[in-house]
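Within every chain, numbering begins at 1; the chains are lettered A, B, ... in the order of the sequence lines, protein sequences first and strands thereafter. Computed over heavy atoms, backbone and side chain alike; hydrogens, waters and symmetry mates excluded.
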Amino acid sequence: MPGFDFGPIFLTVKLATAATVILFLVGLPMAHWLARTSFKYKFLTEALVAMPLVLPPSVLGFYLLVAFGPGYGLGKILADYFNVRLLFTFWGLLVGSVIYSLPFMVQPLQSGFSALPNSLAEASYTLGKSRLETFLRVVLPNIRSAALSGVVLTFAHTVGEFGVVLMIGGNIPGETRVASVAIYEEVEAMRYANANSYALFLVAVSFAVLAAAYFINKRGIKVA
Amino acid sequence: MITVDIRKKFASDGREFSLDVKMEVAQNAFVALYGKSGSGKTTLLRMIAGLLEPDDGVITVDGVAWHDKGESINLAPQKRGVGMVFQDYALFPNMTVFENIVYAAGKNNMDWVRRLVEAANLGSLQSRNPAELSGGEKQRVAVARALARKPGLLLLDEPMSALDVESRAGLQDELLAMHREFGLTTIMVTHELSEVFKMATDVFILEAGRVLRRGKPSGVYSDQNPAGQFRFAGEISAIEKQDVVYVVSVIVGNTIVKVMAAEEEISSFSVGDKVLLISKAFNPHIVKPGLELPFYNRN
C-alpha cells in the first residue's frame with residue numbers, strides 16, 4: 001500500500017482511551033449524583049448531559065470552534081494566561097470528545113446506580129465502612145455491567161467520531177488526523193485501498209470491543 | 001439504656017407526617033415498634049441507626065449523645081456501633097455468604113466469623129452467593145452479618161415480612177436465642193402482632209408518628225389479663241353471614257379459626273384487620289403434635 005500511514009490508527013486509539021479514562025472518572029460522581037439527588041432542576045442537568053445525543057456533531061463542533069478560537073472568550077483566556085491552544089490540537093480534540101461522548105458514559109452509569117438498592121450502601125455504613133470503601137467494594141462491583149457498557153460505548157463512540165473532529169481538529173498528521181478523518185481524505189484523493197484499510201480497522205475494533213464486552217457481561221455477577 | 005426524644009417531618013405514600021417520639025429502652029430489652037405502614041416506625045429506626053437525621057431532639061445511648069440538635073452532634077452511622085437488618089436484607093450480591101460476614105467483621109476476626117457462621121447455622125451455605133439463598137437463609141446471613149462488629153444494639157426492620165408463615169416460627173426462635181446468647185438490646189420494627197407477643201419484652205405502639213401506648217405486650221393490648229385466658233394474634237380472612245349470626249374466619253399462625261359474632265360486633269370488623277382472639281379456657285388440654293385429640297376421644 002503506497003503511502004499508508006499507521007499514525008491515524010494510533011491517534012484514534014490514543015484519543016479514545018484518554019477520553020474513556022477521563023469520562024469514567026468524571027462520569028462516576030456525576031451519574032451517582034444524578035441517580036440519588038432529589039434536586040428540583042435535575043431534569044435540566046439530565047437534558048444538558050443528553051444534548052450530544054441529538055445535536056448534529058457539526059453544531060457542537062461549530063460552538064467549540066467559536067469557544068476555542070484564540071480571539072476572545074475562553075480561547076483568549078486560555079491563550080493569554082495559560083498559553084494553551086485548543087483549536088487544531090490533540091488536547092482540543094480530547095476536550096471535544098469528552099463533551100461529545102458524555103451521555104454514553106453517564107447514562108449507563110446512572111441507570112446502574114438507580115437500579116442498585118440504597119440499602120446496600122446503608123448496610124455497609126452501619127458496618128462501619130467509610131463512603132469511599134463502600135463505593136469501591138460494594139457499589140462499584142455491583143454496577144459492573146453498567147460500568148462496562150459505559151466504557152465500551154464511550155470508547156466505540158469516540159473511535160467513530162467524525163464531525164466534531166473535522167470542525168475543531170482539522171486534519172493535521174500526528175496531531176488531529178484520526179482514522180475517520182483519514183478515510184475521508186483518502187477517498188477525496190481517490191486512494192481507495194488506503195481508505196479501505198482504515199475503514200476495516202474501525203470495523204474490526206468496533207466489533208472486537210463490543211464482542212468482548214458482551215462476553216464479559218455474560219459471565220458477570222448476577223445482581224439479586 | 002437508650003433514650004430517644006426526637007421530632008421529624010417525613011413523607012410516606014405521598015402524605016406528610018410529623019413524628020414526635022419519646023422512648024426509653026432498657027439494657028437487654030427486646031423492644032417491638034408496632035404500627036401500620038406510615039406510622040413512622042421505620043423512620044424512627046433509621047434515625048436511631050444514623051441513616052436519617054432528626055429535625056430536632058436528642059438520642060443518647062449509655063450516656064453518650066448520638067444525636068443532639070442543641071449541641072450540633074450527629075454521629076455518623078459508622079460510629080454508632082449498631083447492627084442493622086434491613087427489610088430486603090441488603091446482602092452484597094458481589095460477595096459470598098462467608099465474604100459478606102468477613103467484610104463486616106474484618107479479616108483479623110476469623111474465630112468470631114466462624115462462631116457467627118455456627119450460631120446462625122450457615123455452615124453449608126458459606127460459599128453460596130446471596131442470589132442462591134431462600135428468604136429465610138438470607139435473613140440468617142443478614143443477622144449474622146449485623147452481629148459481626150459485636151454491636152450492643154441490634155436494629156431489625158421487619159425482618160420476617162419477606163418470609164412465608166412456615167419459615168417464620170423457626171427464625172423467630174433463632175433470633176431470640178441470638179438475642180440472649182450475645183447479650184443484645186434489640187429494637188424490631190413489625191406490623192405482625194404474633195411477632196410482638198412471641199418475641200418482645202416491651203412494645204411501643206405507633207400511630208401517625210406518635211407513641212399511642214407502651215408497655216409489656218401482655219398488658220398493652222388489653223387492660224385486664226385474668227388467669228386462664230388464651231389469646232392469639234390473628235388476621236380476619238373472611239366474614240360470612242349464616243342465618244342470624246356471622247362467622248368470622250381468623251388466620252392464626254397457619255390455621256384458620258372460625259368464630260361466631262353478632263351483627264353489632266361485626267360492624268367494627270373488616271377483612272384484613274389484625275385482631276386478638278381471646279378465650280377463657282376452663283379445661284385446657286396439652287397434647288403433642290400428631291396427638292391433637294384429647295385422650296377420651298381417641299379410638
Measure distances from B:Leu155 to the heavy atoms of chain A and classify the residue's part below 4.5 Å as side chain, backbone, both or neither. neither
Using a 6.0 Å distance limit plus a 45 degree cone around the ring axis, check whether B:Lys41 lies over the aromatic ring of B:Phe204. no
Most contacts with chain B, counted as non-hydrogen pairs under 4.5 angstrom, among A:Ala121, A:Ser124, A:Ser119: A:Ser119
Quiz question: by atom type and distance under 3.5 Å, do the side chains of B:Glu158 and B:His191 form a donor-acceptor pair? yes
Contact origin within B:Arg80 toward chain A - heavy atom pairs under 4.5 Å: neither
Can a cation-pi geometry be assigned to A:Arg85 and A:Phe68, taking NZ or CZ under 6.0 Å from the six-membered ring centre and within 45° of the ring axis? no
Please tell me whether B:Ser127 and B:Thr96 have a donor and an acceptor in their side chains that are separated by less than 3.5 angstrom. no
So, the part of B:Tyr103 with a heavy atom under 4.5 Å from chain A: the answer is both
Name the orientation class of the two ring planes belonging to A:Phe39 and A:Trp33 (parallel below 30°, tilted from 30 to 60°, perpendicular beyond 60°). tilted
Tell me, side chain or backbone of B:Arg46 under 4.5 Å from chain A's heavy atoms, or both, or neither? side chain
Examine whether an atom of A:Ser130 lies under 4.5 Å from a heavy atom of chain B, and if so say whether it belongs to the side chain, the backbone or both; otherwise answer neither. backbone
